[in-house]
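The block underneath contains the structure these notes are about, expressed in structure tokens.
Numbered from 1 within each chain, the chains take letters A, B, ... in sequence-line order.
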2 protein chains.
Amino acid sequence: MQATTQRAERFTGNTVAQRPAIPSLLKPTERDALALLEQFGTTVPVHRDHEICGEGDKAEYCYRILSGCVRTVRLMEDGRRQIGEFLMAGDLLGFDALGIYDFAAEAVCDVVLRRYPRRMVDALAENNFALTRRLRDITSISLRMANTRLVMLGRKTASERIASFLLEMLERLPTARANVLDLPMGRSDIADHLGLTIETVCRVLAHLRREGTLSIDRSSIAVRDEAALQQMASGTRH
Amino acid sequence: MQATTQRAERFTGNTVAQRPAIPSLLKPTERDALALLEQFGTTVPVHRDHEICGEGDKAEYCYRILSGCVRTVRLMEDGRRQIGEFLMAGDLLGFDALGIYDFAAEAVCDVVLRRYPRRMVDALAENNFALTRRLRDITSISLRMANTRLVMLGRKTASERIASFLLEMLERLPTARANVLDLPMGRSDIADHLGLTIETVCRVLAHLRREGTLSIDRSSIAVRDEAALQQMASGTRH
DNA sequence: CGAGCACTTGAAAGATTTCAAGTCCAGTGG
DNA sequence: CCACTGGACTTGAAATCTTTCAAGTGCTCG
């Protein structure tokens with residue numbers, strides 16, 4: 001499935017200018033308990049489609065995405081793939097792991113990560129209640145998001161899933177300006193995230209384009225009628 | 001509300017047979033950190049189909065199931081329902097909530113709960129690293145289980161979901177002896193947990209019965225060929 | 001220019017749902 | 001004690017949604 005998947009094992013001591021975090025519970029804020037970790041962080045670039053960590057690997061690092069997009073992946077024996085989530089600039093990865101990683105993580109496009117050794121995270125947390133609490137909250141938020149996806153996959157139709165996904169991207173993509181989405185991930189990633197096939201994703205998008213709800217140009221999608229998407233996401237309209 | 005499926009019976013020394021979800025990671029301490037809470041607990045019986053907490057309610061209590069079965073529920077506007085998980089004796093509920101409950105929780109059958117005020121949990125955690133750590137682990141385990149369900153709902157067929165579900169019940173139901181399951185939940189609960197319709201659940205069960213993999217008598221299901229179920233759960237066989 | 005890849009689209013197949021009857025009990029009231 | 005009734009469960013047939021299979025487009029890159 002992934003042609004070339006390699007570990008990001010090299011790390012450089014480069015410092016990368018840190019882009020201002022988008023306000024979101026999952027993202028670090030100015031005076032964040034996570035700031036303590038910064039001195040132990042290293043900056044790591046990872047190329048498109050390369051692996052950041054493997055499913056079942058011992059969780060030795062936590063990451064913060066500085067730029068780019070990361071997907072978390074689980075594979076079934078026969079190759080069926082489920083993408084747990086997409087992580088954007090500012091999002092955290094691996095902080096909720098418990099010993100081993102639940103999912104593999106791969107770069108959707110070229111990404112830059114800030115990497116923190118887990119043993120430092122744990123050591124700091126042991127003497128810092130704010131940090132420990134923060135870690136717990138991070139995990140709780142991940143759980144809440146996973147549960148929302150559970151409803152999506154268990155009970156929503158293809159159109160509802162696509163509409164929900166586009167609305168989520170509209171909120172989360174740092175580059176989403178003027179309701180134009182430049183999706184970093186391909187159709188097949190979207191399909192594997194939403195529990196659909198790539199063809200179904202295409203067809204639903206084409207339908208929304210014909211309807212006038214979207215304008216589509218490859219990876220660039222302009223949302224022309226956000227209200228229609230919202231109705232569709234909630235099942236009020238098809 | 002976040003439900004946590006992990007046994008905590010050690011701290012009361014009760015005799016429920018237990019199989020920790022993730023044995024290697026749940027380092028069982030001599031006395032569970034949760035034991036601290038016991039002095040603040042009250043015992044609460046809840047009748048079948050009655051609500052324990054509502055989705056979106058302020059999370060004022062955490063619970064441990066003493067006996068019976070609880071379901072966590074999310075409803076869509078139009079009535080579609082997703083059951084997040086079923087909780088059995090020993091399982092924890094609400095410890096991973098973040099301010100408000102993500103799910104409603106309802107008694108599947110008559111249940112007895114042990115209830116702890118959240119403010120006590122938080123207060124104790126603030127001065128007790130072991131407890132804080134325990135709470136984080138509880139949340140991480142919930143997250144891991146939610147992620148496993150994500151693959152189930154996103155990528156598994158109806159037969160695979162039913163087979164996986166039966167195997168999970170075989171592990172988790174305290175009354176599962178000699179491969180006989182006395183399921184506390186009805187077909188419609190199972191359907192809403194697996195993202196299927198009640199009819200599909202019936203048909204798959206009927207198919208497994210005709211095949212000789214199961215014997216079915218209403219809520220009592222005997223697993224005659226566990227290996228077949230395992231193959232079916234992983235997609236090796238249909 | 002040609003190859004490869006991502007994306008699109010159409011048509012047929014397939015899985016699951018929907019609609020529509022039943023069946024089977026458990027609990028109730030005669 | 002037994003018929004009755006409502007709810008849970010089953011089953012069949014048709015409808016529907018999504019997938020599968022197949023083919024074609026368009027773009028990028030060497």
Side-chain angles (χ1 to χ4, degrees), chain A residues 1-4 48-49 71 76 78-82 108-110 152-163 165 181-211 214-221 232 235 237-238, chain B residues 48-49 71 76 78-82 108-110 152-163 165 181-211 214-221 232 235 237-238:
Chain A
M1 192 134 304
Q2 307 307 334
T4 47
R48 179 192 162 108
D49 285 336
R71 63 177 171 251
M76 288 178 63
D78 59 4
R80 278 176 282 178
R81 187 176 74 145
Q82 177 68 39
V108 169
C109 52
D110 287 356
M152 178 122 129
L153 296 180
R155 283 301 176 221
K156 288 194 179 183
T157 66
S159 307
E160 290 164 4
R161 293 179 207 191
I162 300 279
F165 172 75
L181 295 166
D182 278 298
L183 296 178
M185 71 292 288
R187 301 287 189 267
S188 121
D189 281 346
I190 298 175
D192 285 344
H193 179 50
L194 300 180
L196 302 170
T197 60
I198 186 174
E199 293 95 333
T200 301
V201 172
C202 278
R203 277 188 253 271
V204 172
L205 287 176
H207 176 79
L208 289 170
R209 174 172 48 67
R210 280 186 232 107
E211 257 190 2
L214 303 176
S215 296
I216 303 177
D217 177 28
R218 283 280 174 173
S219 72
S220 176
I221 295 183
M232 186 171 286
R237 174 174 172 282
H238 280 163
Chain B
R48 179 192 161 110
D49 284 334
R71 62 177 171 251
M76 287 178 64
D78 59 5
R80 278 176 282 178
R81 187 175 73 145
Q82 176 68 39
V108 170
C109 53
D110 288 356
M152 178 121 130
L153 296 180
R155 284 299 177 222
K156 288 194 179 181
T157 66
S159 305
E160 289 165 2
R161 294 181 205 190
I162 300 278
F165 172 75
L181 295 166
D182 279 298
L183 296 178
M185 71 293 286
R187 300 288 189 267
S188 119
D189 281 345
I190 298 174
D192 286 343
H193 179 51
L194 301 180
L196 302 169
T197 60
I198 186 174
E199 293 95 332
T200 301
V201 172
C202 278
R203 276 187 254 271
V204 172
L205 287 176
H207 175 80
L208 289 169
R209 174 172 46 69
R210 280 186 231 105
E211 258 191 3
L214 304 175
S215 296
I216 302 177
D217 177 29
R218 282 283 173 170
S219 71
S220 177
I221 296 183
M232 186 169 286
R237 175 173 172 284
H238 281 160

Atom pair distance, as rounded to whole Å: CG in Asp217(B) and P in dC24(C):
13 Å

If you assign each of Arg155(A) and Thr200(A) to its closest nucleotide in DNA chain C, which residue comes earlier from the 5' end?
Thr200(A)

Leu194(A) CG to dT19(D) P, straight-line distance once rounded to whole Å:
10 Å

What's the spacing between Leu196(A) CG and Ser159(A) OG if we round to 0.5 Å?
9.0 Å

Expressed in angstrom and rounded to an integer, what is the separation of Met185(B) atom CE from dC9(D) atom C1'?
16 Å

Taking atom types as they are modelled, would you say the side chain of Arg203(B) forms a donor-acceptor pair with the base of dT18(C) within the 3.5 Å cutoff?
yes

Should Arg218(A) be listed as having a side-chain N or O under 4.0 Å from OP1 or OP2 of dG26(D)?
no

Determine the contact category for Leu196(B): base if any of its heavy atoms lies under 4.0 Å from a base atom, sugar-phosphate if only primed atoms, P, OP1 or OP2 are that close, otherwise nothing.
sugar-phosphate

Between Arg48(B) and Asp110(B), is the closest basic N to carboxylate O distance under 4.0 Å?
no

With no hydrogens and no angle check, just 3.5 Å: does a side-chain donor-acceptor pair link Gln82(A) and His193(A)?
no

Round to the nearest Å and state the distance from Asp49(B) atom CG to dA8(D) atom C1'.
12 Å

Measure CD1/Ile162(A) against C1'/dT18(D) and give the value in whole Å, please.
12 Å

Expressed in angstrom and rounded to an integer, what is the separation of His238(A) atom NE2 from dT16(D) atom P?
14 Å

Using atom types as modelled, flag every donor-acceptor pair under 3.5 Å from a side chain in residues 198-209 of chain A to any protein atom, sequence neighbours excluded.
from      : atom 1 : to        : atom 2 : distance (Å)
Thr200(A) : OG1    : Thr197(A) : OG1    : 3.0
His207(A) : NE2    : Glu211(A) : OE2    : 3.3

From the list dT18(C), dT20(D), dT17(C), which nucleotide is the closest neighbour of the side chain of Glu199(B)?
dT18(C)

Can you check the Arg80(B) CZ to dT16(C) C1' distance for me, whole Å?
15 Å

Count the heavy atoms of every other residue, nucleotide or ligand shown that sit under 6.0 Å from CZ of Arg237(A), and state whether that count exceeds 12.
yes

Report which part of the nucleic acid Arg209(A) touches: base, sugar-phosphate, or nothing (heavy-atom distance under 4.0 Å, all strands).
sugar-phosphate

Once you round it to whole Å, what is the distance between P of dT17(C) and CD1 of Ile198(B)?
12 Å

